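Since this is a predicted model, take the numbers as computed values, not measurements.
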Amino acid sequence: MKRRIGWVLVLFVAVSCTACSGRQAGTGNRGSTVFLAETENADTEKAGTVLTEEDVVSMDGQTGFGRVPEKLVQIPKEYFGSASEQGTVERLEYQTWESMSYDAQTTQLTKTAYVYLPYGYSEEQRYNVLYLMHGGWSNETTYLGTPENPHELKNILDHAIQDKKMAPVIVVCPTYNNTSPEDSGDYSLALRLTDNYHNELVNDLIPAVEGKYSTYAEETSPQALMESRSHRAFAGFSMGSVTTWHTFQYCLDYFRYFLPSSGNLTSDGAYMEQLVTNAGYDSGDFFIYAMSGTEDFAYAAFTNQIQAMVNAPDGIFIEADNESNGNLAYRVQEGNAHDGNAALQYIYNGLIWLWAEGE
């Protein structure tokens, strides 16, 4: 089926340093009708170059329940149309605080997230939750759309659940935009907002979502949310991927699964190891499923980060295709660029793996 959305690629080269350990971050995503891919940083000398076969992280090909396939699968064309068993998209408003002065809590904001509930959603059943962040020049409507105007991802979720390719899950699309819906179009501002976003995520969004919907959290106290971390994942493409890495940085207490794609944080593998040990966790306490494409301008820097993590001195990041044998899988799609087609493929592949039967 021909896509309804036209993709526009806007390339702008920039290098941006953040405050912690000299780390650098990359960006990107789509608007509701036009996908605008912004800049990716040049994190190392190889950024913007074509990697050789030796540069790409190899996988061991281990097998077992919840195995990450060797290759990414394509979304079936029919999934872009309506399914016979349809979930719903709901609008969720919640209170938070202005990002730059969050700790002072002087300026309260009302923000909106869009929530996908699977077909047959019931308060008698518990559901895992994926928090899915948009990229640059985008907002909370980018992936799911609105109840009045749902986007392609809703149809994809409906079909995949109907065909039992993925477990019924709740998908939440929030925004790191702060006081303006245009914030994500400002590269340097977006970097700061993604670094701050964990405050809103943990203190405001997660309690709003999991206090309303039926999840594995018994209640919304920090302790209850931490105890249910294995039933929670965070994902994002480009600048949403940067937000995913920051969620890994700050929120390991609340999330077990991370699905970053085509947006890097740092080329310092030892720094990434410190995030784990400083939070009191070890190699068996999380899983990262990372994805990118060979024609993506973020591919080199993103791959450099993954390689640096695998080669880091303490051996915390262990490449494997299942949780029993490691905690990091990296898959690359030949020919994928930095656009919405790639983003949807990565989201789909992550969801058909997350919480698979037999886990």
Do [X] side-chain atoms and [Y] backbone N/O form a donor-acceptor pair below 3.5 Å?
X: Ser184; Y: Gly136; result: no
X: Glu227; Y: Ala217; result: no
X: Asn177; Y: Gly185; result: no
X: Asp163; Y: Lys165; result: no
X: Asp339; Y: Ala342; result: yes
X: Asp314; Y: Ile316; result: no
X: Gln305; Y: Thr266; result: yes
X: Lys154; Y: Gly87; result: yes
X: His151; Y: Thr142; result: yes
X: Asn304; Y: Ser267; result: no

**Study point:** Qualifying residue, where the test is ring-ring contact (aromatic ring centres under 6.0 Å, His included) with Phe286 and the options are Phe258, Phe255, Phe248
**Key:**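 Of Phe258, Phe255, Phe248, ring-ring contact (aromatic ring centres under 6.0 Å, His included) with Phe286 is met by Phe248 alone.
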From [atom1] ([X]) to [atom2] ([Y]), nearest 0.5 Å:
X: Gln95; Y: Lys111; atom1: CD; atom2: NZ; answer: 11.5 Å
X: Asn325; Y: Ile318; atom1: CG; atom2: CD1; answer: 9.0 Å
X: Met100; Y: Asn196; atom1: CE; atom2: CG; answer: 5.5 Å
X: Tyr127; Y: Ser122; atom1: OH; atom2: OG; answer: 5.5 Å
X: Ile306; Y: Ile288; atom1: CD1; atom2: CD1; answer: 6.5 Å
X: Glu219; Y: Ser228; atom1: CD; atom2: OG; answer: 10.0 Å

Which pair of non-hydrogen atoms, one from [X] and one from [Y], has the smallest distance, and what is that distance?
X: Val332; Y: Leu72; result: C-CD1, 4.4 Å
X: Ala298; Y: Ser262; result: CB-O, 3.5 Å
X: Ala233; Y: Leu354; result: CB-CD1, 3.9 Å
X: Ala235; Y: Leu130; result: CB-CD1, 3.8 Å
X: Arg126; Y: Thr215; result: NH1-O, 3.1 Å
X: Ala279; Y: Asp253; result: O-OD1, 4.4 Å

**Study point:** Same cluster (ILVMFWY, side-chain, under 4.5 Å), Met166 and Tyr119
**Key:**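 Different clusters.
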Practice item. Please step through side chain to side chain contact (heavy atoms under 4.5 Å, CB included) for the pair Ser214 and Tyr121, ending with a clear verdict. Key: CA-CA 9 Å; Ser214 181; Tyr121 170 83; 3.7 Å; yes
Practice item. Applying side chain to side chain contact (heavy atoms under 4.5 Å, CB included), run through Gln86 and Asn155 and close with a yes or a no. Key: CA-CA 8 Å; Gln86 297 187 27; Asn155 291 337; 5.6 Å; no
Exercise for review: Could you check Val171, Val172, Val115, Ile206 and say which one makes a side chain to side chain contact (heavy atoms under 4.5 Å, CB included) with Val129?
Suggested key: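 Single side chain to side chain contact (heavy atoms under 4.5 Å, CB included) partner of Val129 among Val171, Val172, Val115, Ile206: Val172.
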Check your understanding: Of the options Thr247, Leu132, Leu259, which is the one that meets Phe234 in a side chain to side chain contact (heavy atoms under 4.5 Å, CB included)?
Key ->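 For Phe234, the side chain to side chain contact (heavy atoms under 4.5 Å, CB included) check succeeds only for Thr247.
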Are a donor atom and an acceptor atom from the side chains of [X] and [Y] found within less than 3.5 Å of each other?
X: Asn178; Y: Ser99; value: no
X: Tyr250; Y: Asp195; value: yes
X: Ser261; Y: Ser241; value: no
X: Asn139; Y: Tyr114; value: no
X: Ser101; Y: Glu98; value: yes
X: Tyr257; Y: Asn128; value: no
X: Asp158; Y: Tyr79; value: no
X: His246; Y: Gln249; value: yes

Review point. For Gln108, does the CD atom sit with more than 12 other heavy atoms under 6.0 Å from it, leaving out its own atoms?
Key: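 Counting neighbours around CD of Gln108, more than 12 heavy atoms of other residues, nucleotides or ligands fall under 6.0 Å, so yes.
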Side chains of [X] and [Y], heavy atoms from C-beta outward: is any pair under 4.5 Å?
X: Arg331; Y: Asn349; answer: no
X: Val209; Y: Tyr213; answer: yes
X: Pro174; Y: Met133; answer: yes
X: Gln345; Y: Gln74; answer: yes
X: Tyr254; Y: Leu201; answer: no
X: Tyr346; Y: Asn336; answer: yes

Looking at [X] versus [Y], is the centre-to-centre ring distance below 6.0 Å?
X: Phe302; Y: Tyr330; value: yes
X: His338; Y: Phe237; value: yes
X: Tyr176; Y: His134; value: yes
X: Trp353; Y: Phe287; value: yes

Review point. Is it true that Glu210 and Arg232 have a side-chain N and a carboxylate O under 4.0 angstrom from each other?
Key: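 Looking at Arg232 together with Glu210, the answer is yes, because their closest N to O distance falls below 4.0 Å.
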Check your understanding: Are Glu148 and Arg91 within salt-bridge range, i.e. N to O under 4.0 Å?
Key ->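 Looking at Arg91 together with Glu148, the answer is yes, because their closest N to O distance falls below 4.0 Å.
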Point to revise | Worked check of side chain to side chain contact (heavy atoms under 4.5 Å, CB included) between Ile347 and Ile156 | key: CA-CA 10 Å; Ile347 296 166; Ile156 293 168; over 6 Å; no
Check your understanding: What do the steps show when you test Thr96 against Tyr102 for side chain to side chain contact (heavy atoms under 4.5 Å, CB included), and what is the final call?
Key -> CA-CA 8 Å; Thr96 186; Tyr102 188 94; 3.6 Å; yes
Practice item. Could you tell me whether Arg256 sits above the aromatic face of Tyr216, with NZ or CZ closer than 6.0 angstrom to the six-membered ring centre and within 45 degrees of the axis? Key: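 The answer is no, since Arg256 fails at least one limit relative to Tyr216.
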